Amino acid sequence: MDEQEEQMRRAIGTILQSDPLIKLLQEVRLGRMKSTDPGLRAVTESWIGVYAQVLKSHPVPASLLPRLDPSPRLQVLVDLGVLSWDHPATKDLRELFQRVSLSAA
């Protein structure tokens with residue numbers, strides 16, 4: 001495995017450690033938790049913070065950067081009503097990814 005792929009794996013691993021999609025959103029889908037639950041919101045916003053920190057601190061080559069695009073994960077959160085596209089954390093993360101993408105190009 002080359003160094004770039006290893007960097008990508010570390011970045012993804014860090015993001016996955018706090019990812020609310022893995023367990024908590026299943027609870028929303030099953031009706032055991034509401035999408036507006038303050039605990040879910042706190043975990044989600046913490047995850048967004050971790051995601052932003054990873055984008056800032058894990059340099060990834062432009063060719064691998066699409067694998068770190070937060071939009072698909074954010075879309076799930078928006079679809080379930082946990083966040084909205086105009087939520088400040090959502091907007092900030094998407095803008096950060098765009099900046100990182102432009103600087104990596």
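Note that the structure is predicted; figures quoted are calculated from it, not measured.
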Check: So which heavy atom on S35 is nearest to which on L80, and how close?
Finding: CB-O, 3.0 Å

Checklist line | Which atom of L40 lies closest to which atom of M33, heavy atoms considered | finding: CB-SD, 3.9 Å

Check: Does the side chain of Q17 come within less than 4.5 Å of V50's, by heavy atoms?
Finding: no

Notebook entry, point to check: Just by modelled atom types, is the S84 backbone N or O under 3.5 Å from a matching donor or acceptor in the T90 side chain?
Noted result: yes

Checklist line | Spacing of L77 atom CG and L25 atom CG [to the nearest 0.5 Å] | finding: 5.5 Å

Next item on the list: For residues V82 and R41, report the shortest heavy-atom separation together with the two atoms involved.
Entry: O-NH2, 2.9 Å

Notebook entry, point to check: Is the shortest heavy-atom distance from the side chain of D2 to the side chain of E6 under 4.5 Å?
Noted result: no

Checklist line | Contact summary for L68 and I15, nearest pair of heavy atoms | finding: CD2-CD1, 3.9 Å

Margin query: For the CG atom of D19 and the CG atom of L24, what is their distance to the nearest 0.5 Å?
Written below: 9.5 Å

Next item on the list: Side-chain contact test, heavy atoms from C-beta onward, threshold under 4.5 Å: evaluate it for L93 versus L55 and give yes or no.
Entry: yes

Check: Do Q26 and R32 come within less than 4.5 Å of each other through their side chains, counting heavy atoms only?
Finding: no

Next item on the list: Decide yes or no on side chain to side chain contact (heavy atoms under 4.5 Å, CB included) for V28 and K34, but give the supporting numbers first.
Entry: CA-CA 6 Å; V28 173; K34 294 185 181 201; over 6 Å; no

Margin query: Taking the basic N atoms (NZ, or NE/NH1/NH2) and the acidic carboxylate oxygens, is any pair closer than 4.0 Å for E3 and R9?
Written below: no

Notebook entry, point to check: With a 4.0 Å cut-off, would you call R67 and E5 a salt bridge?
Noted result: yes

Next item on the list: Return the minimal non-hydrogen interatomic distance between W47 and L74, and the atom names on each side.
Entry: CZ3-CD2, 4.2 Å

Check: Does the side chain of R99 reach to within under 4.5 Å of the side chain of L96, using non-hydrogen atoms?
Finding: yes

Next item on the list: Identify the heavy atoms of D86 and K91 that sit nearest to each other, and give their distance.
Entry: O-CD, 3.3 Å

Next item on the list: To the nearest 0.5 Å, tell me how far Y51 OH sits from S46 OG.
Entry: 14.5 Å

Margin query: The test is side chain to side chain contact (heavy atoms under 4.5 Å, CB included); show your working for L65 and F97 and say whether it passes.
Written below: CA-CA 9 Å; L65 200 54; F97 182 76; 3.9 Å; yes

